[in-house]
Structures are given as C-alpha cells and as structure tokens.
Number of protein chains: 2
Amino acid sequence: MVGDAWSALILRDASRGMTQFDQFRTSLGIAPNILSRRLKSLTEAGVLEKRRYSERPPRDEYVLTEAGREFIPILAAMGEWGRRYNGGGQPMSHLVDDTTGETIHALVIDESTGRPLREMPMRLVMPAA
Amino acid sequence: MVGDAWSALILRDASRGMTQFDQFRTSLGIAPNILSRRLKSLTEAGVLEKRRYSERPPRDEYVLTEAGREFIPILAAMGEWGRRYNGGGQPMSHLVDDTTGETIHALVIDESTGRPLREMPMRLVMPAA
DNA sequence: CAGCATCCGTCGCGATACTG
DNA sequence: CAGTATCGCGACGGATGCTG
C-alpha cells in the first residue's frame with residue numbers, strides 16, 4: 001500500500017491534519033496528476049476517505065479512516081528505525097509528545113506481555129493450505 | 001528500502017532463519033535474477049550481510065544484521081495491521097510466542113511512557129533548514 | 001482550488017537461458 | 001547451489017495543458 005514514492009508521505013502529512021489537495025501538493029512538491037492518482041489509490045485501499053465539505057464551489061477533503069490512523073504508528077516506527085540506522089548523525093525530523101514536548105521513541109511490543117518484539121523468540125504460523 | 005514487491009518478504013524469510021539463495025528462491029517463487037538484485041540491494045542497505053561459509057565450492061549465505069533484526073518488528077506490526085484491516089476474516093499467517101505458543105499482537109508504543117502511539121497527540125518536528 | 005487527459009522516460013518485475 | 005545475461009512488459013513518476 002505504501003510501496004511507492006509518495007503514499008507514505010501523504011499519510012504522514014494527513015496525520016498532521018492536512019486534508020486538501022493543494023496542501024499536499026505544495027507540501028510535497030508532487031505533480032498534480034500523480035497526487036490525484038495516489039489519493040485515489042489510498043482511498044480505495046481504505047486508509048483515506050474523501051468527503052465533500054462544500055457544495056458551491058464543490059470541495060473535497062481527504063481524512064484518515066480508522067485504518068489509516070492505525071497505520072501512522074507504523075510510519076513512526078519506520079522513522080525511528082531510519083533515525084537509528086540510517087540517520088548518520090544528521091539532524092532529522094522526529095516526533096514529540098504534543099502535551100509534554102518530550103521526544104517520542106517508537107517501540108514495537110507484544111500487546112499481552114508488554115515485551116519488545118525485538119527480544120522475543122517467535123514463529124510464523126501459516127494458515128492451513 | 002522495502003518499497004518493492006519482494007524485499008519485505010525476503011526479510012521476513014530471513015527472520016525465520018533462511019540464509020541461502022535457493023531457499024529464498026523456492027520459498028518465494030521469485031525469478032533468480034530478481035532475487036540476486038534484491039539481495040544485493042538489501043546488503044547495500046545494511047540489513048543483510050553476505051558471508052562465505054564454504055570455499056570449495058564457494059558458497060555464500062545472507063544473514064540479518066542488527067539493523068535488519070531491528071526491522072523485523074516493523075514487519076510484524078504491518079502484518080498485525082493487515083490482519084485487522086485487510087484480512088477480511090480469511091485465515092492468515094500470524095506470529096506466535098515460540099516458548100508459550102501464545103499469539104503475538106504487535107503494538108507500537110512510546111518507549112518512555114509506555115503509551116500506545118495510536119492514542120498520543122504528537123507533533124512532527126523538522127530539523128533546522 | 002481541485003482535479004483529469006495525454007504523452008513520455010525510467011525502473012522494477014517476469015521468463016528464459018546459460019555458467020561455474 | 002548460486003548466481004549472470006537478455007529481453008519484453010507494465011507501473012510509476014514527471015511535464016504540460018485543460019476544465020469547472
């Protein structure tokens with residue numbers, strides 16, 4: 001779903017409250033036809049929802065669905081990883097808690113035990129063929 | 001890094017202990033030239049390491065680096081997401097704790113507060129231009 | 001402001017054949 | 001077992017122009 005050059009960035013911007021076509025366009029510097037294509041595919045994938053917020057003139061906005069909102073932490077985890085292993089000491093964007101201002105470090109755990117997945121021995125179980 | 005059709009699947013298989021060219025090839029049904037290309041790019045990305053384990057005949061194996069191992073939980077989180085929002089009730093592969101047999105549910109939290117990122121108000125801070 | 005239509009270049013994948 | 005060489009195709013991104 002985000003295996004292309006732009007979709008992940010669009011979702012990131014959407015999580016920051018961006019909703020309009022032109023906001024995405026100017027924020028990302030993406031060609032309008034490409035943005036249109038990606039917004040459509042993200043909508044069809046069920047992570048964005050197109051909503052008409054004005055009839056005259058007709059205006060649509062794109063907002064994250066629940067599935068889309070639930071995907072944002074994964075983007076955050078990818079960001080955390082990139083900062084650690086590909087940052088190279090350069091200053092990079094990062095997340096901060098909007099209430100305390102503290103830097104956020106994304107970590108993937110097992111929900112029931114609370115243990116980091118990184119240190120858990122696990123097995124992938126395939127469905128019955 | 002995994003924005004193509006195969007790299008994520010290769011890393012997944014590598015996390016299950018797969019190391020050899022032909023293991024990946026038969027497991028995934030990928031064309032050999034493509035596999036070669038992807039193994040090279042993943043190696044250059046620093047998530048796989050090529051190691052010679054036999055001199056005569058020359059044999060190499062591909063093993064996850066620390067960066068590669070640290071990426072696996074992110075794949076797990078993506079799998080969890082897909083199961084929830086794109087599974088459609090169909091039987092899918094899932095992770096189990098290898099010691100207890102319990103099903104693992106990946107969750108992204110903030111490391112210092114322990115709160116799920118999903119329910120945290122956050123802000124993306126850009127580096128100084 | 002919010003797109004769609006068209007055309008075009010590039011890159012990644014797939015199939016096949018071949019090598020040490 | 002572990003790749004390389006070659007070819008064709010499709011998907012994606014980019015530029016440009018047009019519409020309501």
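Naming: A, B, ... by sequence-line order, numbering from 1 per chain.
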Looking at D:dG14, I'd like to know if its phosphate oxygens (OP1 or OP2) sit under 4.0 Å from a side-chain N or O belonging to A:Trp6.
yes
How far does CD1 of B:Ile104 sit from CD of A:Glu111, to the nearest 0.5 angstrom?
12.0 Å
Within the structure, does a side-chain N or O atom of B:Ser36 lie under 4.0 Å from either OP1 or OP2 of D:dG3?
no
Rounding to a whole Å, what distance do you find between A:Met1:CE and D:dC12:P?
14 Å
Atom CG of B:Leu48 and atom P of D:dG3 are separated, to the nearest Å, by 12 Å
For B:Glu61 and D:dA2, give me the distance from atom CD to atom C1', rounded to whole Å.
13 Å
Determine: side-chain N/O of A:Tyr62 to OP1/OP2 of C:dG3, distance under 4.0 Å, yes or no.
yes
Using the test salt bridge (charged side-chain N to carboxylate O under 4.0 Å, His left out), find all partners of B:Arg37 that sit at least two apart in sequence or belong to another chain.
none
I want to verify a distance call: between D:dG3, D:dG13, D:dT6, whose nearest atom is closest to the B:Asn33 side chain?
D:dT6
Could you state the interatomic distance from CE (B:Met122) to OG1 (A:Thr100), rounded to the nearest 0.5 Å?
13.0 Å
Can you tell me the distance, in whole Å, between the CG atom of A:Leu42 and the C1' atom of C:dG3?
16 Å
Between atom CD1 in A:Ile30 and atom C1' in D:dC12, what is the gap in whole Å?
11 Å
Does the side chain of A:Arg38 get closer than 4.0 angstrom to OP1 or OP2 of D:dG13 through an N or O atom?
yes
In one Ile/Leu/Val/Met/Phe/Trp/Tyr side-chain cluster, 4.5 Å: B:Leu75, A:Ile109:
no
Measure the shortest side-chain to side-chain distance between A:Met120 and A:Thr113 over non-hydrogen atoms and say whether it is less than 4.5 angstrom.
yes
Using whole Å, report how far CD of A:Gln23 lies from P of C:dA2.
7 Å
Distance check needed: D:dA2 P versus B:Lys40 NZ, whole Å only.
15 Å
Could you check if a side-chain atom of A:Arg38 sits within less than 4.5 angstrom of a side-chain atom of A:Leu48, using non-hydrogen atoms only?
no
Sorted by number, residues from residues 8-22 of chain B placing a heavy atom under 4.0 Å from DNA chain D are B:Gln20, B:Phe21, B:Asp22
Donor-acceptor contact below 3.5 Å, side chain A:Thr19 vs main chain A:Glu61:
no
Starting at NE2 of A:His105, measure out to CG of B:Asp110 and round the result to the nearest 0.5 Å.
8.0 Å
Rounded distance in Å - CD1 (B:Ile34) to C1' (C:dT16):
12 Å
Between B:Gln23 and B:Tyr62, do the side chains contain an N or O donor and an N or O acceptor separated by less than 3.5 Å?
no
Whichever of A:Arg37 and B:Leu39 has the more 5' nearest nucleotide on DNA chain D, that residue is B:Leu39
Residues in residues 50-60 of chain B with a heavy atom under 4.0 Å of DNA chain D, by number, are B:Lys50, B:Tyr53, B:Arg59, B:Asp60
